[in-house]
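First up is the structure itself, then whatever we jot down about it.
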Amino acid sequence: MDDIPITLLRAMYVTMLRIRRFEEHVARLVERGEIKTPCHLYIGQEAVAAGICAALRVDDQIFGTHRSHGHYLAKGGDMQAMMAEIYGKRTGCSRGRGGSMHLIAPEVGLLGTVPIVSGTIPLAVGAALAAMLQGCDRVTVAFFGDGAMEEGTAHESLNLAAHRRLPVVFVCENNLYSSHLSLFERRARDNIVDAAAAHGLVGIRVDGNDAEAVHAAASQAVARARSGGGATFLECRTYRWRGHVGPSWDLDVGVKRKDELREWLSRDPIARLRQSLVSAGVPTEVLDRLDDDVQAEVARAEAYAKQSPYPAADELTMHVFYSEDASR
Amino acid sequence: MDDIPITLLRAMYVTMLRIRRFEEHVARLVERGEIKTPCHLYIGQEAVAAGICAALRVDDQIFGTHRSHGHYLAKGGDMQAMMAEIYGKRTGCSRGRGGSMHLIAPEVGLLGTVPIVSGTIPLAVGAALAAMLQGCDRVTVAFFGDGAMEEGTAHESLNLAAHRRLPVVFVCENNLYSSHLSLFERRARDNIVDAAAAHGLVGIRVDGNDAEAVHAAASQAVARARSGGGATFLECRTYRWRGHVGPSWDLDVGVKRKDELREWLSRDPIARLRQSLVSAGVPTEVLDRLDDDVQAEVARAEAYAKQSPYPAADELTMHVFYSEDASR
Amino acid sequence: MNTRPLTYAQAIREALAQMMERDPRVFVIGQGVWSPWYVGTSMQDLDRQFGRERVIDSPVSENATTGVGIGAALAGMRPVVIHPRVDFMLLAVDQLVNEAANWCYMFGGQVSVPIVIRPIINRGGEQGAQHSQALHAWFMHVPGLKVVMPATPYDAKGLLVASILDDNPVLYVDDRWLYMETADVPEELYSVPIGQAAVRRAGRDATVVAISYMVKAAVEAGERLSHEGVDVEIIDVRSLKPLDDATILASVRKTGHVVVADSGWRTCGAAAEISARISEHAFDALRAPVARVALPDVPAPTSRALEGVYYVGADHIAAAVRRVLHERATHPLRGRASVPP
Amino acid sequence: MNTRPLTYAQAIREALAQMMERDPRVFVIGQGVWSPWYVGTSMQDLDRQFGRERVIDSPVSENATTGVGIGAALAGMRPVVIHPRVDFMLLAVDQLVNEAANWCYMFGGQVSVPIVIRPIINRGGEQGAQHSQALHAWFMHVPGLKVVMPATPYDAKGLLVASILDDNPVLYVDDRWLYMETADVPEELYSVPIGQAAVRRAGRDATVVAISYMVKAAVEAGERLSHEGVDVEIIDVRSLKPLDDATILASVRKTGHVVVADSGWRTCGAAAEISARISEHAFDALRAPVARVALPDVPAPTSRALEGVYYVGADHIAAAVRRVLHERATHPLRGRASVPP
Ligand SMILES: Cc1ncc(C[n+]2csc(CCOP(=O)(O)OP(=O)(O)O)c2C)c(N)n1
Ligand SMILES: Cc1ncc(C[n+]2csc(CCOP(=O)(O)OP(=O)(O)O)c2C)c(N)n1
Ligand SMILES: [Mg+2]
Ligand SMILES: [Mg+2]
């Protein structure tokens with residue numbers, strides 16, 4: 001893994017910081033009551049989005065879930081547009097029709113994130129089929145959680161992708177919880193990755209808090225997909241620090257996970273990558289300055305969102321159907 | 001396997017003959033235009049239904065599919081009532097509302113067969129959950145095909161059964177086809193049984209044309225379920241001789257399987273069990289007499305069905321909702 | 001009967017608890033049933049009271065979970081299957097329609113599927129298109145399903161009890177927007193008959209036929225209109241299928257003016273059916289066209305600015321009543337009252 | 001244009017073939033598309049002509065297959081997803097409604113899902129409850145979906161072309177009972193605009209608004225009634241959503257008597273919506289209540305003895321027309337014609 005160039009490590013570090021600081025601020029805004037749309041925070045899982053997306057080209061495509069602020073930023077989505085969306089503004093990336101759970105940035109290959117669990121998995125397979133039919137070497141990534149593997153749609157999708165050797169990478173972010181239920185409250189064994197082989201796919205388990213490891217696994221999977229070798233299933237083991245939804249630390253709703261959380265806090269993916277960078281000789285002041293920049297960017301995004309107008313009442317019925325004029 | 005008592009072998013043989021002769025006759029009736037309801041013939045797969053059901057008690061429960069004449073008879077359903085149902089008569093097991101694809105014999109534990117692929121798999125899991133909640137040691141069996149494993153519902157059901165250690169046996173009759181598509185036209189690998197382990201279940205592959213082997217595997221699975229050991233997945237490898245639907249020999253609709261069929265015809269499960277019985281000292285005349293009896297029974301069923309009345313036109317709207325009076 | 005004030009959510013909980021106490025066949029399965037985030041207080045501590053074997057929080061597997069409920073019902077139980085949002089139940093429509101609804105008929109009435117499916121309508125709050133859908137009209141359309149939608153705490157309890165006692169699949173659709181409504185509810189077990197509407201306000205001038213949440217809005221509109229001298233009769237349908245035609249038609253024959261108010265989409269919604277039936281059976285009595293108040297044919301937006309104009313309520317009902325009354329004035333010959341005997 | 005007689009099924013096939021020839025983005029995916037047992041002759045040899053990479057017969061995975069179509073559409077393709085029975089599509093309603101229908105709105109109109117979903121109604125033949133359902137009313141109810149139901153070979157081709165050209169998700173619902181209908185169809189590529197009804201027979205006395213298969217039945221009924229001196233106007237809606245109100249209302253204003261004929265269930269069906277709209281917008285013109293002809297609220301039986309009474313056709317339409325005309329006689333004051341100016 002030491003062959004990952006330092007610029008890439010740095011880029012991943014910035015991505016992870018941008019996600020962390022953005023969400024920490026969103027958490028405050030939710031607490032202050034400024035933001036109402038349900039926000040499912042990604043804090044703690046940043047290495048997955050950053051590691052995977054660092055292995056992708058701009059024209060590669062990804063799909064996300066209800067918990068996709070991180071995927072949006074990692075793929076290159078505009079922070080201001082996301083903040084405006086979360087505020088319900090007309091300048092939002094979904095023009096105030098989506099909120100936190102429906103993000104899009106087609107210009108950088110984020111084709112959409114939606115909160116129906118498993119909903120985007122077949123969409124990613126379809127985008128991969130499109131690439132194949134179009135004769136492109138584009139790769140598509142589906143991000144989803146451990147809970148999504150309980151939906152039949154996920155299994156149907158794996159089978160379809162395997163059968164047709166489609167250029168898709170399934171990224172299962174196993175954060176050990178599906179809302180208030182831990183893994184063993186939902187399945188007999190901790191063996192999600194075995195679903196891959198059962199459907200005839202390569203399946204790999206990776207430490208989802210290690211950006212470098214995620215990036216390495218993703219690079220292989222993407223290369224396989226791009227070269228016609230078919231789909232890969234990556235189980236990235238990680239943990240969300242906050243509650244299922246909202247800013248709390250999820251020691252509520254009967255979930256007894258205080259000890260667990262303590263342990264996972266000590267495996268902070270950002271601290272870990274920072275350590276790598278420092279070991280590689282990057283001065284800590286440089287890293288601190290990056291953080292300052294990111295915080296300034298978040299502040300600008302907030303200001304932008306706040307000053308943006310809301311959609312007008314008479315726009316309610318616009319966009320039910322597509323029209324080219326309205327799409328611009 | 002030589003510890004299966006001869007009476008049981010004989011019983012399985014009779015079951016298989018009853019299925020075979022019944023369906024051969026149904027095939028003729030379809031050809032003659034007397035029967036119109038779509039009939040999916042089980043000929044060639046008889047050892048599965050016979051072997052599994054021989055391991056069950058009367059109060060154990062089963063669910064079937066569009067191809068369930070065999071399951072109905074093996075569990076002890078009344079042949080006359082099934083024939084009348086296929087004729088669309090009021091005396092049919094479903095009173096003329098079901099036809100060949102919707103069979104029921106609750107008095108012997110056949111809770112229902114329906115043609116939505118994978119539709120009854122969760123129902124069987126639910127009946128098993130009921131047994132657990134009721135504190136009974138009843139076991140439930142779900143019969144389904146290889147095609148059904150492509151439906152997400154099947155996977156969801158396996159997970160639920162594994163997670164709660166429910167007393168259910170999943171019997172996947174892998175006849176290598178889902179209507180006109182062979183296995184490899186639908187999945188990457190011939191490894192259906194691996195789905196079991198992926199969901200945390202015991203999975204076993206068995207020769208579905210060997211009634212004794214099926215019975216042995218079923219007995220173990222049923223014993224495990226009954227004793228609180230949880231669910232088992234059995235992949236029974238077999239072959240249907242006829243077309244997906246109707247009496248033809250399925251050399252039609254572009255399915256090039258002439259060679260394959262020839263080979264499978266030579267593995268006739270009935271001939272094989274007959275061989276076992278003969279080896280065990282049962283005289284062939286006895287076996288031939290059994291066949292005569294079965295043929296006579298089929299003739300009686302036909303006569304019964306023919307002379308039975310159709311439902312009256314004004315009964316159309318009866319039974320949309322349940323009422324105790326009407327249920328009798 | 002002894003009564004005390006309960007919220008709508010508490011009334012649901014009480015129905016479940018009392019039925020589970022009384023009948024060992026009753027159990028609960030569904031997503032989020034251990035979590036207030038999904039079901040509010042409508043199931044609070046039920047798992048502690050009855051054990052997690054009988055109050056089962058399920059994996060994210062809507063279709064199989066629903067099928068498990070149906071299978072358990074076929075094997076002698078009385079399951080209540082919870083879908084914390086109608087939107088998620090879209091994944092379970094196969095089991096609900098292909099299996100539960102058809103089962104009794106398909107097998108000639110010999111067996112029943114005594115199951116309650118409880119999808120919760122949970123909208124607003126900037127959640128958007130996939131977390132706000134109300135599709136009760138779909139289920140009205142399907143033979144073999146009963147559909148109830150309580151609008152008050154009293155009915156929340158009584159209709160849930162009736163649904164569990166019913167031998168058929170019943171869709172019990174509750175609305176999170178009603179959970180904090182409070183009213184006197186009897187302590188005892190009682191049931192509200194499925195298929196009977198309730199007159200929530202008697203009136204002479206116009207009939208408002210309202211569904212679920214819109215009953216509350218109608219009552220508000222009725223208050224307001226009374227100050228304008230308009231005397232509205234409000235019918236709470238309570239049960240969409242079977243629909244209590246008699247109560248609705250009696251009111252329409254009296255007032256000659258009708259507004260049907262639904263919390264679902266307009267086109268092919270429940271209000272369309274009610275409107276069509278009124279036209280069929282009380283055509284002579286109508287002095288103005290039947291008006292519909294319903295959601296516009298638009299997915300739910302998220303932005304508060306759009307949510308504010310998307311949802312309908314008392315204002316819309318009041319405006320529609322004024323409209324139908326106005327139309328009367330311009331067509332003096334319409335309606336039975338004007339037809340010479 | 002050069003025309004020649006084609007069956008309805010052949011017309012579908014021709015639309016697919018011509019669109020695939022013309023536009024490399026068009027491809028087909030679904031169950032049974034290589035098998036006449038599922039799709040009749042409507043896709044005959046398409047796989048040979050265009051290759052099995054582009055005409056994909058799918059595993060029994062309705063929801064994922066539909067999602068794959070949607071995903072491909074998002075990535076620049078123009079998929080046609082086939083469900084050989086509406087009943088099987090119940091498993092795909094999640095992707096269809098939660099994703100396809102909502103997508104454009106959810107993302108503020110920036111992207112479209114140019115997909116055609118083609119569920120086939122395939123009933124009768126003693127197949128029963130799980131193989132006979134016609135649920136177009138459901139999809140009318142959902143914002144963001146268009147729904148077309150061709151009744152003739154000409155429309156079968158032209159509406160399919162229009163559906164593929166449309167930038168939005170279109171449900172193209174065809175009916176196996178129409179597959180052998182034969183009529184002249186142009187060889188050239190053409191499209192029939194979505195949202196325009198067609199007048200199939202001009203008449204003065206009563207309007208029959210008919211959907212899909214019921215158009216044929218209405219034409220038969222019209223013939224019969226003409227011998228009784230009753231002159232019926234027949235509207236083929238062609239597109240359920242958007243619905244061509246103007247054409248329907250113009251006819252109703254002319255005749256004052258309406259029968260709406262649908263091949264789906266009655267309660268909350270398409271006929272309910274059409275009836276409600278007519279009442280709303282042409283109330284003054286109505287001389288009798290709008291009558292509905294539709295399937296009874298009963299799952300499909302199997303026995304031929306019951307199928308014979310279950311399905312509706314020309315007889316039912318003719319009877320309904322007679323009924324609405326009779327009602328006129330007893331209420332001479334109803335309808336614009338009778339209202340003094
Ligand atoms: C079809 C569907 N069912 C249920 C839900 C409710 N729900 C929202 S998020 C979630 C948990 C999903 O867990 P997982 O897939 O592990 O993702 P995570 O939240 O851990 O990132 C659930 C059950 C939903 N949104 N969609
Ligand atoms: C949900 C659903 N999708 C599609 C079909 C059409 N169909 C009927 S039988 C069948 C093949 C099923 O194959 P398999 O499960 O292997 O059973 P077999 O016919 O081989 O016994 C299909 C696809 C259906 N009945 N239900
Ligand atoms: Mg998770
Ligand atoms: Mg098979």
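Protein chains get the first letters and strands the later ones, always in sequence-line order, with residue 1 at the start of each.
- Heavy-atom contacts from other residues, nucleotides or ligands closer than 6.0 Å to CD of C:Glu21 number more than 12.
- If you check the side chains of A:Tyr72 and A:Glu85, you find no donor sitting under 3.5 Å from an acceptor.
- When the candidates C:Glu307, C:Glu126, C:Arg52, C:Glu62 are compared by the number of heavy-atom contacts under 4.5 Å with chain A, C:Glu126 comes out ahead.
- Centroid-to-centroid, the aromatic rings of A:His244 and C:Trp37 come within less than 6.0 Å.
- For chain C, the option among A:Glu151, A:Arg186, A:His319 with the highest count of heavy-atom pairs below 4.5 Å is A:Glu151.
- If you run side chain to side chain contact (heavy atoms under 4.5 Å, CB included) between C:Leu16 and each of C:Val116, C:Val26, C:Val28, only C:Val28 comes through.
- For A:Ser100, no part lies near chain C; criterion is any non-hydrogen pair under 4.5 Å.
- A:Leu110 and A:Ile104 make their closest contact through O-CG1, 3.6 Å (heavy atoms, listed as atom of the first residue, atom of the second, distance).
- Neither the backbone nor the side chain of C:Arg85 comes within less than 4.5 Å of any heavy atom of chain A.
- Neither the backbone nor the side chain of C:Leu90 comes within contact range of chain A; no heavy atom of the residue lies under 4.5 Å from a heavy atom of that chain.
- Top candidate by heavy-atom pairs under 4.5 Å with chain C, chosen from A:Ile35, A:Val117, A:Val114, A:Leu316, is A:Leu316.
- Atom CG of C:Leu96 is separated from atom CD1 of C:Ile70 by 7.0 Å, given to the nearest 0.5 angstrom.
- In this structure, the portion of A:Ala312 lying under 4.5 Å from any heavy atom of chain C is its backbone and not its side chain.
- Interface residue A:Thr317: backbone and side-chain heavy atoms are both found under 4.5 Å from chain C.
- Here C:Ser61 is the residue among C:Ala64, C:Pro301, C:Ser61 with the most heavy-atom pairs under 4.5 Å with chain A.
- Salt bridge annotation for C:Lys216-C:Glu220: absent, with no cationic side-chain nitrogen under 4.0 angstrom from a carboxylate oxygen.
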